[in-house]
Structure formats: C-alpha cells, structure tokens
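Right, one structure below, let's go through it.
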Amino acid sequence: MSVSARSARPARSARPGRPALRRRALVSAGLSAALALTLAACGSSSQGSPSLPGTDHGAMPSAGASMPSPGGSGHEDPSMPGMDGMPGDDGLSDSLDGYRLTSSDAALPSGRPAAYRFAVTGPDGRPVTAFAVDQTERLHFYAIRSDLTGFQHLHPTMAEDGTWTASLSTLAPGSWRMFATFTPAGGPGGSKDFVLSRTVTVPGTSRTTTLPAAAGTTTVDGCTVTVQGDLTAGMEHPLTVRLTRNGEPVTDLQPYLGTYAHLTAFHAGDAAFAHLHPTTPASGDEGGPDLSFHAELPAPGNWRLFLQFRTAGRVHTAALTLHVAG
C-alpha cells in the first residue's frame with residue numbers, strides 16, 4: 001500500500017492532492033477507540049521478539065501462505081490480493097509513474113540470513129542513484145510475510161551502479177513481500193514519495209499464524225503503551241501514543257530516524273502498506289511520554305502495526321493489531 005540522513009524531514013505533512021486528506025475536516029462519524037496496548041518496551045529487539053507475535057523471523061516455520069509464482073514480479077502472487085498491476089499508494093505494485101522496483105531474486109533461502117538485491121529504475125529505464133533523504137535515510141526497506149509475521153525494517157546499501165543490497169535476517173518458509181519506500185532527488189518523480197514492492201518465495205513447509213485480535217490493555221515488563229485515536233478508513237486522524245513504566249511517564253526515549261518512534265502498518269489480507277507519519281520532533285534523549293502521529297489508513301478492517309523506538313541505545317520493535325472502521 002501505500003512505504004513511505006531523513007532527519008531533514010522528520011515529520012511529513014499530508015501529501016497534496018489526496019482527496020482523503022482534504023476530507024478530514026468533514027469527518028463526522030467514525031470509530032472512537034481508546035486502545036491501550038502494552039509493548040514489551042525495552043524488552044524486544046529491533047529484529048523482533050518471540051513474545052510479540054508478528055515480529056518473528058527464525059528458522060522454524062512460524063507462519064505461512066501459498067507461494068507466489070516463480071519470478072517474483074510483484075504481480076503474480078494469488079495469496080496476496082491487490083497485485084493486479086494497478087499503481088497506487090498502497091505499495092502493492094512494482095511500478096508507478098514510470099518508476100519500477102526490479103530484482104532477479106525470485107526466491108530466498110530459509111534457515112539462514114539472506115541478501116536481497118534490487119534496483120529502482122526511472123522512466124528512462126535506467127537505475128536511479130539520486131534519492132532524497134527522509135527520516136535520516138535515502139531508502140527504507142521492509143520485509144513482511146503474507147500473514148503479517150516476520151517484520152523486518154532495514155536500511156540497505158547502494159552500489160555506484162544503483163544496485164541496493166538488503167541484508168535480511170533468517171526468513172521462515174512462505175510467501176514474502178519486499179517493500180522499498182523512497183523519494184527521487186530529481187527528474188519527473190522528484191519530491192514524490194514512492195512505495196513499491198515485489199514478492200519472493202522462501203521454500204519449505206509453511207504454517208499460517210492467525211493475526212492476533214485487536215488488543216485492550218496489557219502490561220509487559222512494567223511498561224504500558226496507550227494508543228488513542230478515532231480511526232475511519234480513508235480519513236486522516238491524529239493518533240496519540242503514551243508510554244508509562246510502573247505508572248510513571250517514560251521520558252528517556254532517544255531519537256530514532258529523526259523522531260522518537262517509527263510506525264508502520266500492513267493491512268490484513270493483502271499486506272497493503274502505510275507509514276503513519278510522526279509529528280513529535282526529536283530534540284535530545286528525553287523524549288516521551290506522549291508521541292503523536294498522522295494516521296491515514298485507507299481500508300477498513302484489521303491492520304498490523306509495528307512501532308519502533310529507542311531507549312538506552314537499543315531499538316525495540318512492538319507489534320499490535322488495530323481495527324479500522326469503514
């Protein structure tokens with residue numbers, strides 16, 4: 001769907017020309033929810049935690065789905081609806097406005113780390129090598145299983161010829177989608193945010209993990225996170241996150257990607273992508289307890305959210321399921 005040093009633009013405003021954003025002032029009804037969700041704050045690593053379903057990517061097959069056809073073009077996977085070649089901001093296409101995500105990797109090995117190599121070509125068919133910095137990086141890369149498990153958020157390296165290499169942790173067998181989010185530094189797509197993706201197969205026996213239900217309030221390791229917001233599909237709404245530990249506000253958040261938290265969402269059923277843009281600026285190692293985001297989730301139903309934040313020099317990833325009203 002539509003993901004996206006980026007500290008130059010730590011918090012993006014709504015993209016111009018998107019009707020859903022212009023209608024936000026007209027919202028008169030929606031799902032009013034106060035979702036209190038506890039994250040294993042300071043207990044989960046940047047590569048996920050076994051205690052948080054959806055952030056695993058060990059060698060054991062913890063989840064699965066039907067495999068895509070060989071070739072990994074991004075338009076061939078029947079287990080991931082939406083791959084019909086229609087461009088859009090949900091990331092479920094490998095091409096948009098003349099830009100294309102290309103890769104010769106149709107499959108990756110299971111049971112061990114793997115390198116995924118890809119390039120972004122422009123309308124002229126040549127690899128793009130100039131990218132604008134957004135949230136401290138020129139390109140963000142995400143890997144997610146078709147059942148929304150095994151989340152990985154990476155910042156790959158680019159060679160002089162425009163080839164990117166993403167060093168992935170161990171992938172469980174199944175069908176995976178690889179997302180790249182970027183903004184060309186110039187040319188016909190300059191200043192436009194792009195989210196493109198392709199699918200790959202990881203061979204082996206796969207098992208599907210049921211998406212956890214939308215949660216209430218939970219406490220893990222004495223750290224509680226409360227999420228509040230009125231969320232209706234296709235409309236932009238503010239979303240607030242508050243962190244407490246043992247009843248006291250958490251105020252030791254450290255900057256991560258130019259802000260105090262990074263929030264990514266994937267839609268259940270088709271793995272459509274959304275980046276919830278932070279609006280809380282980072283100014284030192286005393287962030288929290290309240291963080292704010294612009295939340296615009298275009299489709300109703302369940303979304304799997306991955307919140308990443310840093311404390312004591314360590315990045316933590318927490319997963320939660322959020323239901324969005326139609």
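None of these values were measured; they are calculated from a predicted model. Keep in mind that the numbers below use all heavy atoms, side chains included, and drop hydrogens, waters and symmetry copies.
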Here the pair of heavy atoms bringing Gly284 nearest to Pro255 is O-CD, 3.5 Å
One should read off an interatomic distance between Asp290 CG and Thr251 OG1, to the nearest 0.5 angstrom, of 11.0 Å
Are any side-chain N or O atoms of Gln308 and backbone N or O atoms of Ala261, one a donor and one an acceptor, separated by less than 3.5 Å?
-> no
Taken to the nearest 0.5 Å, the spacing of Asp94 CG from Arg177 CZ works out to 9.5 Å
Val315 side chain reached by Tyr256 side chain, heavy atoms, under 4.5 Å = yes
With a 3.5 Å distance limit and no angle check, can you tell me whether Ser197 reaches the backbone of Gly91 through a side-chain donor-acceptor pair?
yes
For Met178 and Ala143, the nearest pair of non-hydrogen atoms, with its separation, is SD-CB, 3.6 Å
If you apply the rule side-chain contact (heavy atoms from CB on, under 4.5 Å), what do you find for Thr311 with Leu253, and how did you get there? CA-CA 5 Å; Thr311 60; Leu253 296 179; 3.7 Å; yes
For Ala233 and Gly326 the tightest heavy-atom approach is CB-CA, 4.5 Å
How are the rings of His153 and Phe151 set to each other: parallel, tilted or perpendicular (split at 30° and 60°)?
tilted
dist Ser169:OG -> Arg112:CZ (nearest 0.5 Å) comes out at 13.5 Å
Test side-chain contact (heavy atoms from CB on, under 4.5 Å) on Leu108 and Tyr116; report intermediate values, then the result. CA-CA 8 Å; Leu108 293 173; Tyr116 181 75; 4.0 Å; yes
**Asked** Is there a donor-acceptor contact under 3.5 Å from the side chain of Thr201 to the main chain of Pro203?
**Response** no
Between the CG atom in Leu239 and the CG atom in Leu276, the distance rounded to the nearest 0.5 Å is 6.5 Å
Please check this pair: side chain of Thr259 against backbone of Thr280, looking for a donor-acceptor N/O pair closer than 3.5 Å. yes
### Side-chain touch Lys192/Asp97, heavy atoms, less than 4.5 angstrom
yes
Nearest heavy-atom approach of Glu236 to His294 is OE2-ND1, 2.7 Å
Between Gly258 and Ala282, the two heavy atoms sitting closest are O-CB, 3.7 Å
request  = Fit a plane to each ring of Phe131 and Trp164, take the angle between them on a 0 to 90° scale, and name the class: parallel (under 30°), tilted (30 to 60°) or perpendicular (over 60°).
outcome  = perpendicular
Which of Phe118, Phe182, Phe179 passes side-chain contact (heavy atoms from CB on, under 4.5 Å) with Leu101? Answer is Phe118
*asked:* I want to check something: taking the side chain as every heavy atom from C-beta on, are Thr170 and Pro113 in contact at a cut-off of under 4.5 Å?
replied: yes
* Asked: Judged by atom type as modelled, is there a donor-acceptor pair below 3.5 Å linking the side chain of Arg198 to the main-chain atoms of Ser103?
  -> yes
Original post:
Just wondering, do Val324 and Thr232 contact through their side chains at under 4.5 Å, heavy atoms?
Top reply: no
The reported gap from CD in Glu286 to CG in Asp252 (rounded to nearest 0.5 angstrom) is 9.5 Å
For Thr163, the side-chain hydrogen bond (donor to acceptor under 3.5 Å, both in side chains) test, sequence neighbours excluded, returns Asp161
All heavy atoms of Glu296 vs all of Gly234, minimum pair found to be OE2-O, 4.4 Å
For ring pair (Phe, Tyr, Trp, His ring centres under 6.0 Å), just list the numbers for His262 and His275, CA-CA rounded to whole Å, side-chain angles, deciding distance to a tenth of an Å, and then say yes or no.
CA-CA 8 Å; His262 185 276; His275 176 219; 4.7 Å; yes
ring-ring contact (aromatic ring centres under 6.0 Å, His included) filter on Tyr260, not counting sequence neighbours, yields none
Worksheet item: Under 6.0 Å between ring centres, would you say that holds for Tyr142 and Phe306?
Response: no
Item to complete: With side chain to side chain donor-acceptor pair (under 3.5 Å) as the test, would you mind laying out the steps for Asp193 and Thr183 before giving the verdict?
Response: CA-CA 5 Å; Asp193 301 330; Thr183 303; 2.8 Å; yes
query: Yes or no on side chain to side chain donor-acceptor pair (under 3.5 Å) for Arg100 and Thr121, after CA distance, side-chain angles and deciding distance?
result: CA-CA 5 Å; Arg100 183 177 295 275; Thr121 59; 5.3 Å; no
| message | Contact between Glu137 and Leu257 at the side-chain level, heavy atoms closer than 4.5 Å - yes or no? | response | yes
- Query: Yes or no on side chain to side chain donor-acceptor pair (under 3.5 Å) for Thr279 and Ser292, after CA distance, side-chain angles and deciding distance?
  - Reply: CA-CA 6 Å; Thr279 61; Ser292 60; 2.3 Å; yes
Rounding to 0.5 Å, atoms CG (Asn302) and NE2 (His267) come to a distance of 7.5 Å
Check: Can you find a heavy atom in the side chain of Pro173 that is under 4.5 Å from one in the side chain of Thr205?
Finding: no
The residue among Leu148, Asp147, Thr149 that forms side-chain contact (heavy atoms from CB on, under 4.5 Å) with Leu211 is Leu148
With Leu196 as partner, the option from Thr102, Leu92, Leu96 fulfilling side-chain contact (heavy atoms from CB on, under 4.5 Å) is Leu96
Open item on the list: Contact between Pro156 and Thr165 at the side-chain level, heavy atoms closer than 4.5 Å - yes or no?
Closed with: no
Tyr99 meets the ring-ring contact (aromatic ring centres under 6.0 Å, His included) criterion, sequence neighbours left out, with Phe194
Would you check, one step at a time, whether the test side-chain contact (heavy atoms from CB on, under 4.5 Å) holds for Asp105 with Arg117? CA-CA 7 Å; Asp105 293 334; Arg117 295 177 176 84; 4.0 Å; yes
* **Pair Leu154-Leu168, side-chain contact (heavy atoms from CB on, under 4.5 Å): steps then yes or no** => CA-CA 8 Å; Leu154 306 172; Leu168 292 159; 3.5 Å; yes
